[in-house]
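To start, the structure itself, in structure tokens.
The sequence lines fix the lettering, A, B, ..., with proteins before strands; numbering per chain opens at 1.
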2 protein chains.
Amino acid sequence: MRGMPNESSRKPRSDALHNRRRILDSAQAAFLESGIEVSMTRIARRAGIGIATLYRHFPDRESLVNEVFRGKLDTCLARLYEAAADPDPWRGFRAFIEDLCVMQVTDRGFNEVFRAAFVGGVIFDEQRIQAENTFAELARRAKAAGRLRADFVRDDLTLVIMANSGISADTEEDAVAASRRLAAYLIRAFEAAPDHRALPPVPRLGPHPVLR
Amino acid sequence: MRGMPNESSRKPRSDALHNRRRILDSAQAAFLESGIEVSMTRIARRAGIGIATLYRHFPDRESLVNEVFRGKLDTCLARLYEAAADPDPWRGFRAFIEDLCVMQVTDRGFNEVFRAAFVGGVIFDEQRIQAENTFAELARRAKAAGRLRADFVRDDLTLVIMANSGISADTEEDAVAASRRLAAYLIRAFEAAPDHRALPPVPRLGPHPVLR
DNA sequence: ATCGAAACGGAGGGGGAACTCCGGTTGAGG
DNA sequence: CCTCAACCGGAGTTCCCCCTCCGTTTCGAT
């Protein structure tokens, strides 16, 4: 509820609620098209409200970004838990990576936020840790089933996210196609096989600056 | 020679030559650190010259970018021809992708320019076509040798470039490590094997906006 | 040493973005 | 219906960027 002006007990006015909704919708659309760096003025204009009203509801860009993507991040985590619940861990593993890539590539803002959240770990922290543990457990099961190569590590998911974040194309359709093909290649590479050669060493992937 | 003020016959002044060199060096460093969008003012300050002098030598950002990366792009093409000359096409294929990834990940500006050049094909056009043909021939030989999967297509190289362009890390060392690991995974996925499943369809990858 | 063309660099116009101030407006409880 | 806190929105401030104009300085040929 950060950014909401009324501090204590009092139901917010209906026009304020209406404007808040319009801001969130416009911001969502603007972020999707142009990324989270889109100017606040553009968001306000798109919503048909004044710039001051936007800032009253969300004191800075970060709080707006947070509110917009909280929901989408939740559905993303839901996909992970769904995949982790699959009795066939390798099928779950593949499904998660495929879904993730599509979600990332169809929303430029989400791509940036998700990348920041997972690679940098600056925002949405508690959810991220839980998600990492769930993913690690899924990977462990897939390894135990002999389908995922044993030297797959947690940071390889970060690698997937970073690689997929580089995909783009003119139309959403083409971007999805490109992302699917990349995901298919990567999944193929992750699959256990008798002729494995050693992989290059695991990189140390620290925080990455996307927001500020 | 675009951007050089003296239109016809006359040897340039020594101070002009000196400043030109300083501009190119500073721009190279600035692009490497901050990407090609870095402000012209910063480049000029770094070179210790006035902003007007910068603009006199290079009338717009594009001509400066062109001049800075012409050399690096040439060495990149040299790597390709070297790889194409390898009697073992699969070894050449792998070496080229590995080298390419490292070059891309160690210079942010080059990453952006190279991505634009290869994905969009807007700049450095004639070189790009020749490079594409050379790469296609290398891939053909690698397929004929039974080492590269038959359904590998030209646009898969674009996929590699885009994926690798998403890699980043705190230190150059870590970025290289991450890039190496990604490249190893992709090469593994490209390798021919008896148990191939069909890949998702090839995406149509059109021009991509990086420079303006 | 002279002198003109060439090169230099700072000041400034124009634009856009982030964020704030404040006078006018409106919704909802009494 | 009245009132007033809550809300609205535009104008204004500051900052940084691109790029140009123009008075000053410097090179180098004579």
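Atom CZ of R20(A) is separated from atom C1' of dA6(D) by 16 Å (rounded to the nearest Å). When the C1' atom of dC8(C) is taken as reference, atom NE2 of H18(B) falls 14 Å away, rounded to whole Å. When rounded to the nearest whole Å, the span between CZ of R22(A) and P of dC7(D) equals 18 Å. For the pair Y55(B) OH and dA6(C) C1', the interatomic distance rounds to 21 Å; values are reported in whole Å. If you measure from atom CZ of R56(B) to atom P of dC8(C), you get 6 Å, rounded to the nearest angstrom. Atom-to-atom, CD of E37(B) to C1' of dC16(D) comes out at 15 Å; the value is rounded to the nearest Å.
Heavy atoms only, all atoms of each residue included: A184(A) and P200(B) are closest at CB-CD, 3.4 Å. The nearest pair of heavy atoms linking F96(A) to C76(A) is CE1-O, 4.3 Å.
Sorted by first and then second residue, the ring-ring contact (aromatic ring centres under 6.0 Å, His included) pairs involving residues 152-181 of chain B (not counting sequence neighbours) are F93(B)-F152(B), F152(B)-F190(B).
Residue contacts shown for T53(A) include a base, since a base heavy atom lies under 4.0 Å away.
Contact between the side-chain N/O atoms of N19(A) and the OP1/OP2 oxygens of dC7(D) is not found at any separation under 4.0 Å. Residue T41(B) has a polar side-chain atom (N or O) positioned under 4.0 Å from OP1 or OP2 of dC18(D).
Proximity note for H57(A) (side chain, C-beta onward) versus dC8(C), dC8(D), dT20(C): the nearest is dC8(D).
Taking the charged nitrogens against the carboxylate oxygens, E33(B) and R42(B) have no contact shorter than 4.0 Å, which rules out a salt bridge. Using a 4.0 Å cut-off between charged side-chain N and carboxylate O, R70(A) and D74(A) make no salt bridge. Look at E137(A) and R141(A) and you find no salt bridge, because none of the NZ, NE, NH1 or NH2 atoms lies under 4.0 Å from a carboxylate O.
Looking only at atom types and distance, the side chain of N164(B) has a donor-acceptor partner in the side chain of S179(B) under 3.5 Å away. One side chain, R115(B) or S168(A), offers a donor N or O that lies under 3.5 Å from an acceptor on the other. D60(A) and S63(A) share a donor-acceptor pair across their side chains, judged by distance under 3.5 Å alone.
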Between the protein and nucleotides 28-30 of chain C, list the N/O to N/O atom pairs that are separated by less than 3.5 angstrom.
unit_1	atom_1	unit_2	atom_2	d
dA28(C)	OP1	S14(A)	N	3.0
dA28(C)	OP1	S14(A)	OG	3.1

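Remark: I51(B), A52(B) in residues 42-52 of chain B come within less than 4.0 Å of DNA chain D through at least one heavy atom.
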